Amino acid sequence: MTGHRIALLPGDGIGPEVVAEARKVVEATGVEVAWTHLDWGSAYFHATGRMMPTDALDRVREHDALLLGAVGDPSVPDHLSLWGLLLALRQGLDLWANERPVRLLEGVPGPLAGRSPADVDMLFLRENTEGEYSGVGGRVHEGQGHEVGIEVSVFTRAAVKRLMRYAFELAAKRRGSLVSATKSNASRFGYVLWDEVAEEVAADFPQVRLERVLVDALAARMVRDPASVDVVVASNLFGDILTDLAAALQGGMGVAASANVAPGSGAPGLFEPVHGSAPDIVGLGIANPLGCIWSAQLMLERLGETRAAEQILLAIEETCAGGPRTRDLGGDATTTEVGDAVAAAVERLRRG
Ligand code: GGG
């Protein structure tokens, strides 16, 4: 077997539709890939009682990277599907950083009227294994009037520190500015630790300006003054919410991409569009594949395929600027037409 070993997890809903286009675009780069198709997800759950098999972690570890479509189906409670697959992979592989680039692309309509692509270029780093999504908690007195649900946020010094350090490293390579999203005024334990670690790590990066910003104020600033935001580091929940806002600012969930990674660990990264399974448009052929294609671009970049990654990004930009667009971006093109256009642009760029 030659090439990068990539596990494809199309998953649920529109996942298979967008993953097919991302695969097509990767193949257009000429990069050698050995694909493994894993049919895990809600259909697998109905057949086996689990979202993925018991040896799933061992099986995915045999790969260099994973490309996932979407998780979630109306027939399976969301907390079972998410914890049975996506969160289980993030925690099980200890993929502690969730990276989400946010850029305005020429030609993509969005709510930031009057802003140009140069004004919006952010990178979000979301803590990915604990915080508000630690999975710690429980329920008592179920079904009774005095029922209690407890959800515990877990912030460990080690996990905050590794993420902070990584965020500072990336900020140092970009514009030298790091915003740490916090809420240490109202939440007086976890985020106070978060802030302390941020200040400690900052001492090692004098070239980076650290700003601690309350998450609510940061949300407003992202809309009112996006050019003032470069790298953002946030907890699991805050990162989840802020990156959906950021996706809306860049034109919608359909274009947003992400990478779940554990730099330096050797674990395969998990690359996925930010959007969910969108059950309302499954099978209509109108899902926007750009978020998944962009995620595949991040994957190739991580795998060291710099040239191919650059070509995909240029091809995405070219397609947004003048090519077919799906309905969410104001066009009437199908998922396949957009995937074909990006793949054709990649092939043109390869030929020079
Ligand atoms: N693209 C994968 C997917 O379906 N994500 C939906 C989701 O609910 N994600 C939650 C999260 O990112 O924590």
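Throughout, numbering of the chain's residues begins at 1 and tracks the sequence. Read the numbers this way: they start at 1 and go in the same order the structure lists the ligands and their atoms. The basis for the numbers below is simple: all heavy atoms, side chains too, and nothing from hydrogens, waters or symmetry mates. This is a predicted model, so every value here is computed, not measured.
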A.B. asks: Measure the spacing between CG of Leu8 and NE2 of His63 and express it to the nearest 0.5 Å.
C.D. replies: 9.0 Å

A.B. asks: Could you tell me, atom by atom, which parts of ligand 1 come under 4.0 Å of a heavy atom of Pro273?
C.D. replies: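 The list of qualifying atoms is 1 (N), 2 (C).
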
A.B. asks: Have Glu27 and Trp35 got a donor and an acceptor in their side chains that come within less than 3.5 Å?
C.D. replies: yes

A.B. asks: Given that the side chain starts at C-beta and the backbone is N, CA, C, O, which of these parts of Leu68 lies under 4.0 Å from ligand 1, counting heavy atoms, or is it both or neither?
C.D. replies: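 For Leu68, only side-chain atoms sit under 4.0 Å from ligand 1.
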
A.B. asks: By number and element, which atoms of ligand 1 are closer than 4.0 Å to a non-hydrogen atom of Val71?
C.D. replies: 3 (C), 4 (O)

A.B. asks: Less than 4.0 Å is my threshold; does some heavy atom of Arg100 fall inside it relative to ligand 1?
C.D. replies: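 Yes, Arg100 has heavy atoms under 4.0 Å from ligand 1.
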
A.B. asks: Could you tell me whether some N/O pair between Arg126 and ligand 1 is separated by less than 3.5 angstrom?
C.D. replies: yes

A.B. asks: Looking only at distances, please establish whether an N/O atom of ligand 1 is found under 3.5 Å from an N/O atom of Gly69.
C.D. replies: yes

A.B. asks: Report the residue from Leu237, Ile241, Thr182, Leu242 that forms a side-chain contact (heavy atoms from CB on, under 4.5 Å) with Val215.
C.D. replies: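 Result for side-chain contact (heavy atoms from CB on, under 4.5 Å) with Val215: Leu242.
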
A.B. asks: Distance to 0.1 Å, residue and atom name: give those for the protein heavy atom nearest to atom 2 (C) of ligand 1.
C.D. replies: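 In this structure, atom 2 (C) of ligand 1 has Glu272 OE1, 2.8 Å as its nearest protein heavy atom.
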
A.B. asks: Under 4.5 Å between side-chain heavy atoms, chaining through other members, with only Ile, Leu, Val, Met, Phe, Trp and Tyr counted: pull out the rest of the cluster around Leu349, sorted by chain and number.
C.D. replies: Leu314

A.B. asks: Is the shortest N/O to N/O distance between Tyr133 and ligand 1 below 3.5 Å?
C.D. replies: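 Such a contact does not occur with ligand 1.
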
A.B. asks: Who's the nearest protein heavy-atom neighbour of atom 5 (N) of ligand 1, and how far?
C.D. replies: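 For atom 5 (N) of ligand 1, the nearest protein heavy atom is His275 O, 3.7 Å.
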
A.B. asks: Which class fits the ring pair Phe205 and Phe168: parallel under 30°, tilted 30 to 60°, perpendicular over 60°?
C.D. replies: parallel

A.B. asks: Tell me whether Leu82 has any N or O atom under 3.5 angstrom from an N or O of ligand 1.
C.D. replies: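 By distance alone, the answer is no.
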
A.B. asks: Using the salt bridge (charged side-chain N to carboxylate O under 4.0 Å, His left out) rule, collect all pairs that involve residues 247-273, keeping only residues at least two apart or in two chains.
C.D. replies: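 Listed by first then second residue: Arg90-Glu272.
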
A.B. asks: So which protein heavy atom does atom 6 (C) of ligand 1 come closest to, and at what separation?
C.D. replies: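 For atom 6 (C) of ligand 1, the nearest protein heavy atom is Gly276 CA, 4.0 Å.
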
A.B. asks: Just need the protein heavy atom nearest to atom 9 (N) of ligand 1, so name the residue and atom and give the distance.
C.D. replies: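 Residue, atom and distance for the closest contact: Leu86 CD2, 3.9 Å.
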
A.B. asks: Checking Arg350 against Thr29: is there a side-chain donor and acceptor pair closer than 3.5 Å?
C.D. replies: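 No, Arg350 and Thr29 have no side-chain donor paired with an acceptor closer than 3.5 Å.
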
A.B. asks: Would you please indicate yes or no on a ring centroid separation below 6.0 angstrom for Tyr191 and Phe155?
C.D. replies: yes

A.B. asks: Of Arg165, Arg157, Lys161, which is the lone residue that meets salt bridge (charged side-chain N to carboxylate O under 4.0 Å, His left out) with Glu200?
C.D. replies: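 Single salt bridge (charged side-chain N to carboxylate O under 4.0 Å, His left out) partner of Glu200 among Arg165, Arg157, Lys161: Arg157.
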
A.B. asks: Number the atoms of ligand 1 from 1 as they appear, then name those within less than 4.0 Å of a heavy atom of Arg90, with their elements.
C.D. replies: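 Atoms satisfying the 4.0 Å criterion: 11 (C), 12 (O), 13 (O).
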
